[in-house]
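The figures that follow rest on heavy atoms only: side chains count, while hydrogens, waters and symmetry mates do not.
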Amino acid sequence: MRIGVLGTGNMADALATHWVRAGHDVIIGGRDARKAERLATRIGGSAKPASLRAAAETGQVVLAALPFGAGADVARDLHAALEGKVLLDCSNPVGSGFRLLTEGGPSAAQQLAAAAPGAHVVKAFNLCHEDVWRMRPPVFDGRPLAVPVCGDDETALVRVRELVMDMGCEPVAGGGLERAGLLEATAALFIALWVGEGADVQAIAPPLAYATGPSRQETGGGTEVFRYRP
């Protein structure tokens, strides 16, 4: 797969490194040619430096590894080059005080889609610190990290799921792009708990077997499992 990367920061480095190791052709695009060249050299393998426009034109999948706010501006400039491409958004619109910057408005992913209406935007890779994505692979207690993926185009989703699995992770269907805002809000909450409170976020939810509560058998009844009611 040909992957264009918009940006030369930590997320570009972490994700592109995995994809080069998986055998994909990666073009690192940056406003600063020297930064793009340094990152491509550090990643090695198939990674090549280029301009932002060349990365967008070359990639079948284009990773927008850009800060919230900058992503939509870049996508707007490159909208013609992004026509028909998978545009992968990993940004988090989180500000000071762990505030969700998009609260009350469209998500960062939806803003990216509005800026490049011919692209197929997919939201993924926004729930973890970049150093988690550097792990080879991100596996905890023998269980691969699960990565929610939100998007509307099935072909785009298939390609992003492949990229998730190339990292040793498990893709999870997160719904359409309208649900990307939920992923972004989840990231804001998680960051606030991890960083602000030092809390173990994994302790918030019960194991999957208990998602709808304990079975009647475990509580002294029959074997029926309690279920959520609409």
Side-chain angles (χ1 to χ4, degrees), residues 3-16 27-36 38-39 49-57 59 61-83 85-133 147-153 156 160 163 174 176-196:
I3 303 170
V5 177
L6 308 180
T8 57
N10 290 328
M11 284 297 287
D13 187 357
L15 297 177
I27 305 298
I28 303 294
R31 285 194 179 97
D32 187 322
R34 287 174 297 179
K35 287 184 178 179
R38 282 198 297 268
L39 179 54
S51 66
L52 290 171
R53 184 168 299 279
E57 289 173 343
V61 173
V62 179
L63 170 68
L66 299 163
F68 171 66
D73 290 339
V74 171
R76 196 171 293 109
D77 286 343
L78 301 176
H79 72 276
L82 293 168
E83 183 84 21
K85 305 292 182 71
V86 181
L87 184 55
L88 178 54
D89 176 34
C90 64
S91 69
N92 274 323
V94 180
S96 60
F98 314 111
R99 182 171 60 92
L100 186 64
L101 299 176
T102 57
E103 189 171 2
S107 67
Q110 288 173 316
Q111 291 180 37
L112 205 63
H120 305 299
V121 176
V122 177
K123 186 82 183 189
F125 299 111
N126 73 304
L127 292 182
C128 296
H129 189 274
E130 61 261 17
D131 285 339
V132 173
W133 302 122
V147 180
V149 178
C150 292
D152 295 330
D153 183 83
V160 173
L163 295 178
L177 196 65
E178 78 280 357
R179 293 175 64 86
L182 299 180
L183 277 186
E184 295 168 7
T186 298
L189 175 63
F190 280 13
I191 293 167
L193 293 174
W194 281 324
V195 178

Does the Asp152 side chain pair with the main chain of Gly176, one donor and one acceptor, at a distance under 3.5 Å? no

Are the side chain of Ser51 and the backbone N or O of Ala54 linked by a donor-acceptor pair below 3.5 Å? yes

For the student: nearest non-hydrogen atoms of Gly7 and Ile28, plus distance: O-CG2, 4.0 Å

Closest contact, heavy atoms only, Leu6 versus Ala56: CD2-N, 4.2 Å

Hey, are the side chains of Leu88 and Val160 touching, using non-hydrogen atoms and a 4.5 Å cut-off? yes

Going by the side chain to side chain donor-acceptor pair (under 3.5 Å) test, which pairs reach into residues 181-195, not counting sequence neighbours? Lys123-Glu184

Check against side-chain contact (heavy atoms from CB on, under 4.5 Å), Cys150 and Leu183: CA-CA 9 Å; Cys150 292; Leu183 277 186; 3.8 Å; yes

Quick one: closest heavy-atom pair of Cys90 and Phe125, and the distance? CB-O, 3.8 Å

Heavy-atom closest pair, residues Ala124 and Val149: CB-CG2, 4.1 Å

With a 4.5 Å heavy-atom cut-off, do Leu39 and Pro49 have their side chains touching? no

Side chain to side chain, Asn10 and His129, heavy atoms closer than 4.5 Å: no

Does any N or O in the side chain of Trp133 come within less than 3.5 Å of the main-chain N or O of Met11, such that one atom is a donor and the other an acceptor? no

Between CG of Leu182 and OG of Ser107, what distance do you get to the nearest 0.5 Å? 9.0 Å

Just so I know, are the side chains of Leu163 and Ile3 near enough to count as touching, which here means a heavy-atom distance under 4.5 Å? yes

Are the side chain of Glu83 and the backbone of Ala80 linked by a donor-acceptor contact shorter than 3.5 Å? no

Is Asp89 reaching over with its side chain to a backbone N or O of Leu112, donor-acceptor style, under 3.5 angstrom? no

Nearest atoms (heavy-atom pairs only) where Ala180 meets Ala109: CB-CB, 3.7 Å

With side-chain contact (heavy atoms from CB on, under 4.5 Å) as the criterion, how do Leu52 and Leu78 come out once you've worked through the C-alpha distance, each side chain's angles and the decisive distance to 0.1 Å? CA-CA 8 Å; Leu52 290 171; Leu78 301 176; 4.2 Å; yes

Give the C-alpha distance, both sets of side-chain angles, the deciding distance and a yes or no for side-chain contact (heavy atoms from CB on, under 4.5 Å) between Val62 and Leu82. CA-CA 8 Å; Val62 179; Leu82 293 168; 4.0 Å; yes

Quick one: side chains of residues 66-76, donor-acceptor pairs under 3.5 Å with protein atoms, not counting sequence neighbours, listed by atom name and distance.
{"from": "Asp73", "atom 1": "OD1", "to": "Arg76", "atom 2": "NH1", "distance (Å)": "3.1"}

Here the pair of heavy atoms bringing Asn92 nearest to Ala187 is OD1-CB, 3.3 Å

Trace of the side-chain contact (heavy atoms from CB on, under 4.5 Å) decision for Val122 with Val86: CA-CA 7 Å; Val122 177; Val86 181; 4.2 Å; yes

